[in-house]
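No hydrogens, no waters, no symmetry mates; every other heavy atom, side chains included, goes into these values. Residue numbers run from 1 in the order of the sequence given.
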Amino acid sequence: ASAPSACVAVSSLAHEWPKPAGGVLLELDAINDAAMYSPHAWYAQSKLANLLFSQELDARLHAKGVSANAVNPGAVQGELLRWSKAAASSRAA
């Protein structure tokens, strides 16, 4: 990367959601374990991974004039939760 440059990753406050069953922040050893799959937990973990990636990238490249940031776009009215059980319940009510 050439300076000045910036890398921006989209994260979310979801990175603060409760940890999955094992209590580990990032369950990388179980990433392909269907028995441990939880859409919300893995979404939260992906957002945490985005945040940690941005912090590490910034630490490695900041001295070279490259900044890395993670941003939370806030609540967005979109289709992301269209198929979630909570959304389906609220539509049925």
Fill in: Set of residues satisfying side-chain hydrogen bond (donor to acceptor under 3.5 Å, both in side chains) with respect to Q55, sequence neighbours excluded
none
Practice prompt. Go through the structure and list residues passing side-chain contact (heavy atoms from CB on, under 4.5 Å) with N72, not counting sequence neighbours.
Written response: L13
Worksheet entry | Of all pairs that satisfy salt bridge (Lys or Arg N to Asp or Glu O under 4.0 Å), the ones with a partner from residues 40-61, not counting sequence neighbours | E56-R60
Worksheet item: Are any of the side-chain heavy atoms of V8 and V71 separated by less than 4.5 Å?
Response: yes
Response to the item:
When rounded to the nearest 0.5 Å, the distance separating CG of L52 from OG of S11 is 8.5 Å
Response to the item:
Here the gap from C7 atom SG to N69 atom CG, rounded to the nearest 0.5 Å, amounts to 8.5 Å
Discussion item. Testing the basics here: between S54 and A68, what is the closest heavy-atom pair and its distance to 0.1 Å?
Written reply: O-CB, 3.5 Å
Worksheet item: Taking the side chain as C-beta and beyond, is there a heavy-atom pair between P4 and V66 under 4.5 Å?
Response: no
